[in-house]
Amino acid sequence: MPIQGEQPIPSSIEALGYRWKKRISEGAFSKVHLVDYHNREKNCIETVACKLIDTKKCSVKFYKRFLPRELTILLHVRHPYIVRIHAIVKCRSKVCIFMRYAEMGDMLSFVIEHGPQGEPQTRIWCRQLALAVQYLHESGIAHRDLKCENILLSANLNVKLSDFGFARYVAEKNRQPELSTTFCGSFDYSAPELLKGKPYNPKASDLWALGVVLYMLLNKSIPFKGKTRQVYEQQMARAWKFRSRVNDVLSPEVKTLVRSLLEPNPLIRWTIEEVLVCDWLIQDRRLRSLNAEEFSALAEARTFARSSSEMQRVKEKLRLIENEDQSVTVIKEIGSKISFRKQSDSFVTLRTSHIEQASTSKSRDNK
């Protein structure tokens, strides 16, 4: 039973095979719950996470702009290092995003518990995260909220990038990305161009945030602290340094990477392609080439085609108010299109993909 004041998933959605267990975390407009799903096809129980959004409690800006973007993007992304979506279900004002459950929690909690990470583990995570960012950027998507709290870890310690609440499509003109004017994300991971309050390149800001994540992994701390003006001045002056206990043991190659990502000038800050071929990452021969899944995802990203009509259809379904308390609307991707179904509680849920099992091998974990 839920604790007093808890808001678990609606009973009509539970009737589709989802059983609420407990709340994991919460954000400004959502709560994340642990849920058991009864897979009727396989006759087994799968543990999934459910991001529950109550649209009645959201800001108008979030409801009309950010939520439709998030749902549309989540229906398209397919990458081994991005969290896999299980299903998206709407019931009246509640939107439930069911996704793969990350057994090891988020990266921030892991670093706080286990301390600064050595270069071998950090190198693996940095490459996995960089490949996820490359996939998004090639697909014309900027994440805009890259931070350790939004990077989940599977049972086999593989990265699963999550939370696309601030993500957006980025059009390009003459090979230059469209500038963003919405200043979002986490302060600790914000690039100086965001703090300055002028239109910025959202892809370049993702790279700055990647640099902060890398710094955090190596130092168990953030590179800049203080109020907005103080942090901005520190960023522009490159006034950061590694903690004394790790500075002497870090390689020159990883220091170069951090320095190139925490470059205050976005025009010369390293791109994601430069990160992936840097000396530090290719020191490990195993990381010099893409495996089959990584290659397939990148190839798909380069043929990605955004349809504005799909975004509009998502918005229409969010505006839909079901006439019955037990009715639900399920959004599912079929091939390259999005279809919407509305049914009563006799509805058998549609899934965008099979959730990965916690007991799978490391190779299957990346699917």
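When side chains are defined from C-beta on, L218 counts as touching V258, because their heavy atoms get closer than 4.5 Å. For the pair P116 and N219, the minimum side-chain heavy-atom distance is 4.5 Å or more. Inter-residue side-chain proximity for W270 and C278 is flagged as met; some heavy-atom pair is nearer than 4.5 Å. With contacts defined as side-chain heavy-atom distances shorter than 4.5 Å, the pair K51/E70 qualifies. Between L262 and W208 the shortest side-chain heavy-atom distance falls below 4.5 Å. At least one side-chain heavy atom of H38 sits under 4.5 Å from a side-chain heavy atom of N43. In this structure, K147 and D188 have side chains that are not in contact, with every pair of non-hydrogen atoms separated by 4.5 Å or more. Side-chain contact between S180 and R168 is present, with at least one heavy-atom pair separated by less than 4.5 Å.
Taking the six-membered ring where tryptophan is involved, the planes of Y135 and H79 are tilted, since the angle between them lies from 30° to 60°. Ring-plane geometry between W125 and F110 is classed as perpendicular, the angle between the planes exceeding 60 degrees on a 0 to 90 degree scale with a lower cut at 30.
Judged purely by distance below 3.5 Å, without hydrogens or angles, the side chains of Q128 and N158 pair a donor atom with an acceptor atom. Side-chain contact annotation: E119 with S251, donor-acceptor N/O pair under 3.5 Å present. If you check the side chains of R144 and T182, you find no donor sitting under 3.5 Å from an acceptor. In summary, the side chains of Y18 and H86 do present a donor paired with an acceptor at a separation below 3.5 Å, with no hydrogens or angles considered. Side-chain N/O atoms of E46 and Y101 include no donor and acceptor closer than 3.5 Å.
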Self-check item: Full working for side-chain contact (heavy atoms from CB on, under 4.5 Å) between F187 and L195
Solution: CA-CA 8 Å; F187 176 75; L195 299 187; 3.8 Å; yes

Practice problem: Starting from the C-alpha separation in whole Å, work towards a yes-or-no answer on side-chain contact (heavy atoms from CB on, under 4.5 Å) for W280 and L214. | Solution: CA-CA 12 Å; W280 183 64; L214 180 57; 4.1 Å; yes

Exercise. Using the side-chain contact (heavy atoms from CB on, under 4.5 Å) rule, take V170 and N201 through it: C-alpha gap first, then chi angles, then the decisive distance, then the call.
Key: CA-CA 9 Å; V170 181; N201 178 343; 5.9 Å; no

Exercise. Please test S154 against R100 for side-chain contact (heavy atoms from CB on, under 4.5 Å), starting from the C-alpha separation and ending with a verdict.
Key: CA-CA 9 Å; S154 70; R100 187 199 193 284; 3.9 Å; yes

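Taken to the nearest 0.5 Å, the CD atom of Q134 stands 10.0 Å off from the CD atom of E294. Here the straight-line distance linking atom CD of Q235 with atom CH2 of W240 works out to 12.5 Å at 0.5 Å rounding. Atom OH of Y232 is separated from atom CD of E193 by 9.0 Å, given to the nearest 0.5 angstrom. Rounded to the nearest 0.5 Å, atoms CZ (R269) and CG (D206) are 10.0 Å apart. With rounding to the nearest 0.5 angstrom, the NZ atom of K225 is 10.0 Å from the CD atom of Q234. Put simply, CD1 on I272 and CG on L207 are 5.0 Å apart, with the number rounded to the nearest 0.5 Å.
Around atom NZ of K255, more than 12 heavy atoms belonging to other residues, nucleotides or ligands sit under 6.0 Å away. The neighbour count for K220 NZ, taken as heavy atoms of other residues, nucleotides or ligands under 6.0 Å away, is above 12.
In this structure, H76 and E300 approach most closely via the heavy-atom pair O-OE2, 4.2 Å. Among all heavy-atom pairs drawn from P264 and P266, the shortest one is O-CD, 3.2 Å. Of all heavy-atom pairs between L161 and L146, the closest is CD1-CD1, 3.5 Å. Residues L281 and V275 come closest through the heavy atom pair CD1-O, 3.2 Å.
Between Y200 and F183, the distance separating the two ring centers is shorter than 6.0 angstrom.
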